[in-house]
Visitor: 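Sending over a structure as structure tokens; questions will come in a sec.
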4 protein chains.
Amino acid sequence: MDLKDRDANANRRIRTAAVLLFAQRGYAATGIRDLARAVGMTNAGVYHHVASKEALLADLMRVAQRGLIDATERMLHGVESPADRLALLISSLTATHALSPMTTRVMDGELRSLTPGSPARDEIIALRDAYEDHWRSAIADGVAAGAFHIADQRLTRLALMSMCTGTSEWYRPDGDSSLEQVCAEFTAIGLAAVRSSVQVVAVPDLSLLPEFPWEPPDVRNDPPIAEAGR
Amino acid sequence: MDLKDRDANANRRIRTAAVLLFAQRGYAATGIRDLARAVGMTNAGVYHHVASKEALLADLMRVAQRGLIDATERMLHGVESPADRLALLISSLTATHALSPMTTRVMDGELRSLTPGSPARDEIIALRDAYEDHWRSAIADGVAAGAFHIADQRLTRLALMSMCTGTSEWYRPDGDSSLEQVCAEFTAIGLAAVRSSVQVVAVPDLSLLPEFPWEPPDVRNDPPIAEAGR
Amino acid sequence: MDLKDRDANANRRIRTAAVLLFAQRGYAATGIRDLARAVGMTNAGVYHHVASKEALLADLMRVAQRGLIDATERMLHGVESPADRLALLISSLTATHALSPMTTRVMDGELRSLTPGSPARDEIIALRDAYEDHWRSAIADGVAAGAFHIADQRLTRLALMSMCTGTSEWYRPDGDSSLEQVCAEFTAIGLAAVRSSVQVVAVPDLSLLPEFPWEPPDVRNDPPIAEAGR
Amino acid sequence: MDLKDRDANANRRIRTAAVLLFAQRGYAATGIRDLARAVGMTNAGVYHHVASKEALLADLMRVAQRGLIDATERMLHGVESPADRLALLISSLTATHALSPMTTRVMDGELRSLTPGSPARDEIIALRDAYEDHWRSAIADGVAAGAFHIADQRLTRLALMSMCTGTSEWYRPDGDSSLEQVCAEFTAIGLAAVRSSVQVVAVPDLSLLPEFPWEPPDVRNDPPIAEAGR
DNA sequence: AATGAATGAGTTTTCATTCAT
DNA sequence: CATGAATGAAAACTCATTCAT
């Protein structure tokens, strides 16, 4: 028991430090030494608990994705109406990002750090796709049932999802509005976005926008890396 | 002229490659050699046009921030009503991220890669703050004028801003909805979020949310790095 | 010219040191730091001239094998009689090992250090097989022509070859007998071994031989690694 | 007994694995972990039976050398004629290498892995020298008695010995010729080498031999490591 | 007797950067 | 202008070994 506890402890402390450093500096900018220093070990000590830096990242991401999927499916269980499902998806994604900002930042932002083609990466992409399918089907069902009116399902989904995931960047529990309020507001926004057909409002003169001579033109149409495979 | 042109050309090609690589892999994961290879130079050759890797990043970010500020101020010029100003802010931020996704990803995401305390970093933080002041004041003015009703100005601002900046992650010009539609929809959402007082909707049982044993508890209240100094 | 010379020089000095160290301590026991120290460079400096430690080894082995093959084919050119060919093979293999003992020790002994399945290893095995084919066919032709009488062609070939390659372990130019004498003696031995049928002489009582309780019994019949593929 | 047996068993299994791995990959390329894995133990477990990796190697080599010496002296006992002694030396060395190829490869090839100057290394060198003295004196006696005619006693001894030791590289019990035949043939070769005066045969044009620009020129005359101290 | 944890020194290799040419 | 050479520092990771349990 003692031994197991100590081991489990070391493992948890490493993961706590890893999630913090990966979230703050990014995976590539975090060295094993930083990690070791943060948990009061030597470089070599870390390798007693972790197969490799990348395996550690993959493990964090896998567990995080699975946790999100499991929680989502628990919450969606028995809920039929597309609007209710969408509301639940928004609330839970937002709240998860508010309550576990470090873990979710790593989960959302470090896919690119996993070796392309590696089994770990493929598995995590599959998990992410499985999660997104809940969004896809909620929206598609709403549209099919005539409850939602939207021009571009992919766009709507991605816009709403990035509104929710953005929460991990700015939410603080000691702010003026509670997590419940944030969830409520985001849910309201999401449902509004989905119910009303797009009203075309005057858009400002795009010629006034900044232009960057170096912006690579030919990649603009490529799928962003974050979406590889979708 | 020839020389100057060639030089300018090399500079632009380097920046194009840099913005692309920094956006795709991240600054820390991009080596000078990757950059050099991408533009068909040697390592040493790159240093003819660039003082250092970090100076290159700082330069990209500075010009991007300045471009955004300048464009924003050009557009806001003469616009008085807080609602109109907010609409303009939303549209222009969204459109900029849609049209320059690589540049804006670097601008939004690589602040942490600049050495803390360096003049370059301080300058860029100042620029970002200057930009955000337009949002802050538009919202504050709207609230002061009784046009906006919001519980938490910071939260509202950050939520709307991250909705707009998220665009660079998923927007594609060949989608079903045009950039104008996206801007219009986002503007509508923003204005709705600001006009209505928050309706408290039923929020799902938070005990069902995923929990991660390693999520660092004590940092949750700290300002996320992305906000250092705000 | 200057530059090219310096470069070629650095490359040659690295290879000289590498061949010496690999021959003396073995590839696995030689660090890049040892190599660097031996040529008065830093670790990193070596990597300017060499892709990796293993690539360096592969390069040495490849050039050595090719050199041996080319020389052998030059010498064998036009020689028809199996006995003459065998004599030439013995002389040239012996002399090469006497004159280039370091290079040949590496060539003969470090095959196992190349990553199994790597293209470099496969290529060098192919080269070695090509070389050995000259021995195989000389012996087989002699047997077919009735000039040679031997019980086991493979055994005879390998025994004679390891007699020749052993030279690199003990030959010294300042000994009492000249290289010509060594070659002459080895040639005489080889031809004698091949001409007479095996006379069965009394062999000592094998029960007196040492036995080692740890000698792995089940691998004894496996082809020795040095022979993989043959 | 139980305990002693289990211990002896573990010891033997470790040595079996060690001899196999050291022979196949070389001492330097074999890790304690490889050893442990091969016998189904943990790293630390191995250290219960072995003082250190180097001590294990030294132990294997010591026992092997002693076994060879003991067997040789048993066989030589009472044999007077230099020719008979040489025949016995050849047969027994050959047969030992054929029957214990792994052990003998380690014995012959890993002297360089023992720390220079260490007592273990000195002891093993002394053992090897004691063994070689049997060869030295057999040859010297034969020459003194006028039975042998050779130009260079050292050369002859080393050439014959490396012919015998080479057996561990290629001998397989399932070949076309029996171990007895091999011993007989090698004995015949050895006696022939020693009886006949060297006939000067035509040696091929050495200018056709391969040359390697990196072959260290200044070490060519140094005693090969394998001979350190002789 | 055996193990899991840990470590300091080591491994090969890459990094951003400089500089003589 | 541009390059090949070189470097100190650091990267991720492995080494043989120790020790409390």
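All chains are named by letter (A, B, ...) in the order of the sequence lines, taking the proteins before the strands, and each is independently numbered beginning at 1.
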Visitor: Counting only side-chain heavy atoms from C-beta out, which of E/dT12, F/dC13, F/dT17 sits nearest to D/Tyr47?
Guide: F/dT17

Visitor: Side chain to side chain donor-acceptor pair (under 3.5 Å) between D/Asn9 and D/Arg13: does it pass, once the steps are laid out?
Guide: CA-CA 6 Å; D/Asn9 222 336; D/Arg13 281 169 50 229; 5.6 Å; no

Visitor: Return the nearest nucleotide to the side chain of C/Thr42; candidates are E/dC15, F/dG8, F/dT3.
Guide: F/dG8

Visitor: To the nearest Å, give me how far apart CZ (B/Arg37) and P (F/dT3) are.
Guide: 15 Å

Visitor: Does the side chain of B/His49 get closer than 4.0 angstrom to OP1 or OP2 of F/dA2 through an N or O atom?
Guide: yes

Visitor: Provide, to the nearest angstrom, the distance between the CG atom belonging to D/Asn43 and the P atom belonging to E/dG8.
Guide: 18 Å

Visitor: Looking at A/Ser52 and A/Ala55, would you say the former's side chain and the latter's main chain have a donor-acceptor pair under 3.5 Å?
Guide: yes

Visitor: Expressed in angstrom and rounded to an integer, what is the separation of C/Asn11 atom CG from F/dA6 atom C1'?
Guide: 14 Å

Visitor: Taking for each residue the nucleotide of DNA chain E bearing the nearest heavy atom, is the 5' side occupied by B/Tyr27 or by B/Ala44?
Guide: B/Tyr27

Visitor: Compute whether any side-chain donor of one residue and acceptor of the other, for C/Glu215 and D/Thr16, lie under 3.5 angstrom apart.
Guide: no

Visitor: Measure CE/A/Met41 against C1'/F/dC13 and give the value in whole Å, please.
Guide: 16 Å

Visitor: Donor-acceptor pair, distance only, cut-off 3.5 Å: does the side chain of D/Asp108 make one with the backbone of D/Arg105?
Guide: no

Visitor: Nearest whole angstrom, please: distance from the P of F/dA11 to the CZ of A/Arg25.
Guide: 10 Å

Visitor: Reading DNA chain E 5' to 3', how would its secondary structure be written in dot-bracket notation, given Watson-Crick and G-U pairs with both distances under 3.5 Å, brackets [ ] for crossing pairs and | for partners on other strands?
Guide: .||||||||||||||||||||

Visitor: Could you tell me the separation between the CG atom of D/Leu56 and the C1' atom of F/dC15, rounded to a whole number of Å?
Guide: 16 Å

Visitor: Quick one: is C/Arg33 getting a side-chain N or O under 4.0 Å of the E/dT12 phosphate, OP1 or OP2?
Guide: no

Visitor: Taking CG from B/Leu35 and P from E/dC15, how many angstroms apart are they, rounded to a whole number?
Guide: 12 Å

Visitor: Starting from the 5' end of DNA chain F, give me the residue, B/Gly40 or A/Glu54, whose nearest nucleotide shows up first.
Guide: B/Gly40

Visitor: Could you go through the side-chain contact (heavy atoms from CB on, under 4.5 Å) check for D/Leu60 and D/Glu110 one step at a time?
Guide: CA-CA 10 Å; D/Leu60 292 173; D/Glu110 296 291 359; over 6 Å; no

Visitor: Which pair of heavy atoms, one from D/Leu114 and one from D/Met61, lies closest together, and at what distance?
Guide: CD1-SD, 4.0 Å

Visitor: Given D/Val46 and D/Lys53, is the side-chain contact (heavy atoms from CB on, under 4.5 Å) satisfied, shown in steps?
Guide: CA-CA 9 Å; D/Val46 172; D/Lys53 193 183 149 192; over 6 Å; no

Visitor: Once you round it to whole Å, what is the distance between P of E/dA1 and CZ of D/Arg13?
Guide: 15 Å

Visitor: As a test of reading the structure: which of F/dC13, F/dT18, E/dA16 is closest to the side chain of B/Lys53, going by heavy atoms?
Guide: E/dA16

Visitor: Kindly point out which of F/dA11, F/dT18, F/dC1 is positioned nearest to the side chain of B/His48?
Guide: F/dC1

Visitor: By nearest nucleotide on DNA chain F, pick out whichever of A/Ala28 and B/Gly45 is the more 5' one.
Guide: B/Gly45

